[in-house]
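Values below: all heavy atoms of this structure, side chains included; hydrogens, waters and symmetry mates excluded. Chain naming here is simple, since letters A, B, ... match the order of the sequence lines and numbering starts at 1 in each.
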Amino acid sequence: MSSFDDSDAFEAAARPSLSARAMAARPATYLDGLNPAQREAVETLNGPVLMLAGAGTGKTKALTARIAHLLTTGTARPNEILAVTFTNKAAREMKTRVGTLLGEAVEGLPWLGTFHSICVKLLRRHAELVGINGVTGPNGASDAVIETATGPTTHLKSNFTILDTDDQIRLLKQLIVAAGIDEKRWPARQLAGVIDGWKNRAWTPDAVPEAEANAFDRRGVELYAAYQQRLVTLNAVDFGDLLLHTVSIFQNHDDVLDQYRRWFRYILVDEYQDTNVAQYLWLRLLAGGHHNICCVGDDDQSIYGWRGAEVGNILRFEKDFPGAHVVRLEQNYRSTEHILAAASGVIAGNKGRLGKTLWTAAKGGEKVRLIGHWDGEEEARWIGDEIEAMQTGTRGMDPKTLNQMAILVRASHQMRAFEDRFLTIGLPYRVIGGPRFYERLEIRDAMAYFRLAVSLDDDLAFERIVNTPKRGLGDKAQQKIQMAARQNGVSLYEGARILLEAKGLTGKGAKELARLCDGLQRWHAITLTGSRSHIELAEIVLDESGYTEHWQNDKTPEAPGRLENLKELVKALENFDNLQGFLEHVSLIMDNESEDAEAKVSIMTLHAAKGLEFPAVFLPGWEDGLFPSQRSMDESGLKGLEEERRLAYVGITRAEEVCTISFAANRRVYGQWQSQLPSRFVDELPEDHVTVLTPPGLYGGGYGAAAPQADTFEERVAKADVYNSPGWKRMQSRGANYQTRQPSEAKNIVIDAEAVSAFAQGDRVFHQKFGYGIVMGIEGDKLDIEFDKAGSKKVVARFLVAAAQADDVPF
DNA sequence: TTGTATCTACTTTTT
DNA sequence: GTAGATACAA
């Protein structure tokens with residue numbers, strides 16, 4: 001995995017290994033099986049090309065064939081091709097597919113990646129042009145050859161750190177407080193969103209238009225400027241900066257731009273409908289000379305408007321690049337006739353489309369299935385049962401493996417219902433797009449230690465770990481350190497040293513802080529002398545800092561997993577020569593796409609599902625307010641609704657054979673029950689292509705059935721206040737970033753006394769946390785219930801259910 | 001300084 | 001139903 005070597009990829013241009021080998025490959029291999037439209041898109045090599053590719057029309061196939069064609073015909077060398085995708089996954093897939101097309105020649109194509117990963121590479125070379133750089137050579141050049149302690153010379157590049165959303169918010173919060181602004185009126189989260197929006201439009205603080213600035217009270221812009229200033233001091237950039245800075249460099253330094261225009265002779269862009277203004281400018285600048293740009297997109301699949309994506313970019317392609325060759329891919333190879341028709345029916349409700357008519361040669365197949373449920377939990381239950389049934393074949397359909405099925409939700413909080421249910425019945429599932437590996441608490445902590453070891457003045461990292469694990473350094477002590485640092489104009493680490501020197505701290509805190517500082521100094525020395533390998537160093541840091549021990553002593557259920565992750569982190573170091581190299585790239589490689597062998601149902605958001613396909617797809621939660629999302633409609637009106645509709649279109653078109661749409665009449669929102677109306681998109685489905693299923697339902701009728709009697713014992717149990725019952729423990733950790741409360745293993749569930757008398761031995765009960773159980777016995781006001789244990793269907797866990805005092809239970 | 005209970009405000013979607 | 005903020009006890 002040493003392909004992340006940041007060595008100058010351009011220099012490799014002299015080495016034509018891949019193209020040489022590719023030349024030898026038979027052209028027929030990659031042109032085979034392409035339809036005329038795809039072939040046209042592949043073979044029109046020069047000048048601007050816009051590929052309007054509908055869902056499932058083989059656009060990735062065409063795109064990869066185009067790359068193969070460029071290489072095979074000797075039109076471009078691997079490093080002269082700039083191919084941009086939106087996700088790492090898409091980039092990886094494209095790389096693999098090009099490799100397959102051209103034999104095993106996958107090395108090369110150094111400039112195939114996401115906008116972000118490419119910008120990181122570019123920015124590492126030119127960061128000094130935007131004033132960001134911790135490593136400066138004689139002439140202020142980041143590439144400078146520098147004398148270091150390790151040897152005569154070392155080739156260094158800018159070592160800025162990339163902040164993630166958490167860091168960003170933490171920083172903004174500090175600035176808001178420092179500016180004496182009310183945190184309630186200017187929540188850091190919101191400000192981060194506003195600034196992000198500005199960056200997506202490639203506005204630097206001084207370039208934010210008046211009207212926009214005024215809309216945010218001007219303070220927004222002031223804070224933005226202060227934030228950028230702070231980032232420079234910290235030698236850091238955030239996600240938005242990666243693009244913003246790169247665009248600024250291209251705009252203000254013609255020589256640099258010209259160089260890249262010469263280098264990148266062919267540009268390919270996937271998912272062009274999702275480019276935002278900054279990305280658009282970036283592309284237009286780079287393609288400015290030769291116009292050899294090929295964009296692929298589908299205006300009907302534009303679902304990132306909230307992130308600044310402009311469908312307008314695709315609509316105006318022909319204006320931006322006169323003489324553009326437009327190719328439409330309209331033959332769908334993925335879905336059945338009914339599924340395609342249903343999707344087309346829904347998307348037809350949108351105005352202002354480029355308009356494509358997808359068609360398929362495949363006839364027949366399953367109609368789209370529609371089903372209404374009583375509530376969200378029943379929906380999850382039904383889908384769970386249906387998935388189990390589908391494995392052996394149900395309703396006349398072929399059996400499907402779990403890997404062939406997916407549940408696509410609008411908002412990630414919808415996932416929990418499914419996870420809960422699947423745990424209860426022991427159905428293997430995988431959540432795609434959860435917190436990424438490097439976003440996890442323990443990884444971020446460990447990384448902060450590593451960052452500090454590499455450079456002692458990384459204040460953000462210092463702040464993060466001074467008191468993790470607990471060192472008796474609370475708010476007061478940390479303020480003192482900050483003060484000492486600010487007064488002397490030094491880093492927090494130096495500040496801490498000064499504070500200790502001046503005996504500004506006493507007792508345990510002082511001792512621990514001194515130990516930490518000594519440790520940091522020691523580790524830093526190792527990075528300089530290289531007396532230990534970076535892997536050993538990482539282990540030393542984690543051990544000596546007490547961080548590993550901290551998790552070993554932790555008794556929460558996650559602790560073992562976190563220790564595992566730490567081990568994995570250290571293992572990942574093997575792919576790098578030193579810590580610096582690792583730190584530069586970790587955020588790009590640590591994608592937690594572990595390919596596990598076990599068959600599992602996938603659960604993901606509709607956004608995460610773009611580009612994927614599954615034989616069977618479930619689309620739950622089609623209720624107005626949830627989908628289309630109320631917020632989207634409130635904020636963006638018709639435009640928002642249309643984007644939601646495109647999302648519906650994306651969802652349906654993920655399905656190859658079976659698509660099941662469902663909604664519930666009642667759903668818990670913020671812990672409160674709310675009745676829901678079916679989504680307006682449900683009524684937009686063309687009836688001829690839909691079958692309505694009847695749910696078996698505990699209440700016997702699904703949506704529209706009479707409401708059940710309130711307070712059945714099941715409900716009483718479900719309402720039990722689990723967190724306040726004996727045997728449940730709440731856990732909290734103080735700290736800027738996390739606070740968790742977790743129940744230990746339950747012994748007792750408290751329900752109200754009246755409910756206890758409603759139980760009889762042998763009753764089948766249902767509890768929202770534990771799932772199904774059976775009442776084994778009743779002693780006075782105590783019930784003995786055996787719950788089906790999560791993860792297997794065997795009944796193992798046994799709980800005592802005690803009646804609460806009348807005033808214990810807030811009904 | 002740390003641990004715990006209680007109040008409050010919030011949940012789209014992501015590189 | 002959750003996580004962060006806050007208040008207060010240990």
Peer 1: Nearest whole angstrom, please: distance from the P of dT13(B) to the CG of L612(A).
Peer 2: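 Whole-Å distance recorded here is 17 Å.
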Peer 1: Of the nucleotides dT14(B), dT2(C), dT1(B), which has the atom closest to the A477(A) side chain?
Peer 2: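 Of all the options, the side chain of A477(A) is nearest to dT1(B).
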Peer 1: Remember a base hit wins even if backbone is also touched, and classify Q478(A) as base, sugar-phosphate or nothing at under 4.0 Å, heavy atoms.
Peer 2: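 Nothing, no heavy atom under 4.0 Å.
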Peer 1: Grab the CG-P distance between N467(A) and dT1(B) for me, whole Å please.
Peer 2: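 To the nearest whole Å, that distance equals 9 Å.
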Peer 1: Hey, which of these two, L647(A) or R471(A), hits DNA chain B nearer its 5' end, going by closest nucleotide?
Peer 2: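 Comparing both residues, the 5'-ward one is R471(A).
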Peer 1: Using centres under 5.5 Å plus planes under 30 degrees as the test, is F115(A) stacked with dT15(B)?
Peer 2: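 No, aromatic ring not over the base.
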Peer 1: Please work out if Y304(A) contacts a base, only the sugar-phosphate, or nothing of the nucleic acid, heavy-atom cut-off 4.0 Å.
Peer 2: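 Touches sugar-phosphate only.
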Peer 1: Of all the nucleotides listed (dT15(B), dT13(B), dG1(C)), which has the minimum atom distance to the side chain of R416(A)?
Peer 2: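 Within the option list, the nearest is dG1(C).
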Peer 1: Find the distance E271(A):CD to dT14(B):C1' and express it as a whole number of Å.
Peer 2: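 Atom CD in E271(A) sits about 13 Å away from atom C1' in dT14(B).
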Peer 1: Taking only residues two or more places apart in sequence or in another chain, which ones pass ring pair (Phe, Tyr, Trp, His ring centres under 6.0 Å) with F462(A)?
Peer 2: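 Partners of F462(A) by the ring pair (Phe, Tyr, Trp, His ring centres under 6.0 Å) criterion come out as none, since no residue qualifies.
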Peer 1: Check the phosphate of dT14(B) against T87(A), side-chain N and O only, distance under 4.0 Å to OP1 or OP2. Yes or no?
Peer 2: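 Looking at the OP1 and OP2 atoms of dT14(B), neither is under 4.0 Å from any side-chain N or O of T87(A).
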Peer 1: What interatomic distance, in whole Å, is found between C1' of dT13(B) and the corresponding atom of dG4(C)?
Peer 2: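 One C1' to the other, the span is 23 Å.
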Peer 1: So, is K173(A) near the phosphate of dA5(C), with a side-chain N or O under 4.0 Å from OP1 or OP2?
Peer 2: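 True: K173(A) side-chain N/O within range (under 4.0 Å) of dA5(C) OP1/OP2.
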Peer 1: Specify the residue among G474(A) and T165(A) whose closest nucleotide of DNA chain B lies further upstream toward the 5′ end.
Peer 2: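 Comparing both residues, the 5'-ward one is G474(A).
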Peer 1: Would you find more than 12 non-hydrogen atoms of other residues, nucleotides or ligands less than 6.0 Å from Q630(A) atom CD?
Peer 2: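 Enclosed: over 12 neighbouring heavy atoms sit under 6.0 Å from CD of Q630(A).
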Peer 1: Excluding sequence neighbours, so at least two apart, what forms side-chain hydrogen bond (donor to acceptor under 3.5 Å, both in side chains) with T204(A)?
Peer 2: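 In terms of side-chain hydrogen bond (donor to acceptor under 3.5 Å, both in side chains), with neighbours along the sequence ignored, T204(A) is linked to D206(A).
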Peer 1: Does Y670(A) reach a base, just sugar-phosphate, or nothing at all? Heavy atoms under 4.0 Å.
Peer 2: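 Base, at least one base heavy atom under 4.0 Å.
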Peer 1: Specify the separation, in whole Å, of atom CZ of R189(A) and atom P of dC10(B).
Peer 2: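 Taking CZ of R189(A) and P of dC10(B), I get 11 Å after rounding.
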Peer 1: Check whether any side-chain nitrogen or oxygen of S412(A) sits under 4.0 Å from OP1 or OP2 of dT13(B), and answer yes or no.
Peer 2: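 Affirmative; the distance criterion is met.
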Peer 1: Let's see if you can work this out: which of dT13(B), dT15(B), dT14(B) has an atom nearest to the side-chain heavy atoms of F239(A)?
Peer 2: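 In terms of side-chain proximity for F239(A), the closest of dT13(B), dT15(B), dT14(B) is dT15(B).
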Peer 1: Would you indicate what S632(A) reaches in the nucleic acid, counting non-hydrogen atoms under 4.0 angstrom: base, sugar-phosphate, or nothing?
Peer 2: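 Counting heavy atoms under 4.0 Å across all strands, the contact made by S632(A) includes a base.
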Peer 1: Roughly how many Å is it from CD in Q168(A) to C1' in dT14(B), rounded to a whole number?
Peer 2: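 One finds 12 Å between C1' of dT14(B) and CD of Q168(A), rounded.
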Peer 1: Look at D196(A) together with R307(A) and state whether they make a salt bridge at an N to O cut-off of under 4.0 Å.
Peer 2: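 R307(A) and D196(A): not salt-bridged.
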Peer 1: dT13(B) P sits how many Å from E644(A) CD, rounded?
Peer 2: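 To the nearest whole Å, that distance equals 11 Å.
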Peer 1: Just wondering, do T165(A) and Q168(A) contact through their side chains at under 4.5 Å, heavy atoms?
Peer 2: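 Answer yes - side chains close enough.
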Peer 1: Nearest-Å distance, CE (M415(A)) to P (dT13(B))?
Peer 2: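 Between P of dT13(B) and CE of M415(A): 8 Å.
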Peer 1: Counting side-chain heavy atoms from CB outward, which of dT14(B), dT1(B), dG3(B) is closest to K476(A)?
Peer 2: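 The closest nucleotide is dT1(B).
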Peer 1: Please say which of E379(A), Q674(A), Q676(A) ends up in a side-chain hydrogen bond (donor to acceptor under 3.5 Å, both in side chains) with R667(A).
Peer 2: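 Going through the options one by one, the only one that passes is E379(A).
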Peer 1: CD1 of I303(A) versus P of dT14(B): gap in Å, rounded?
Peer 2: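 Rounding to the nearest Å, CD1 of I303(A) and P of dT14(B) are 9 Å apart.
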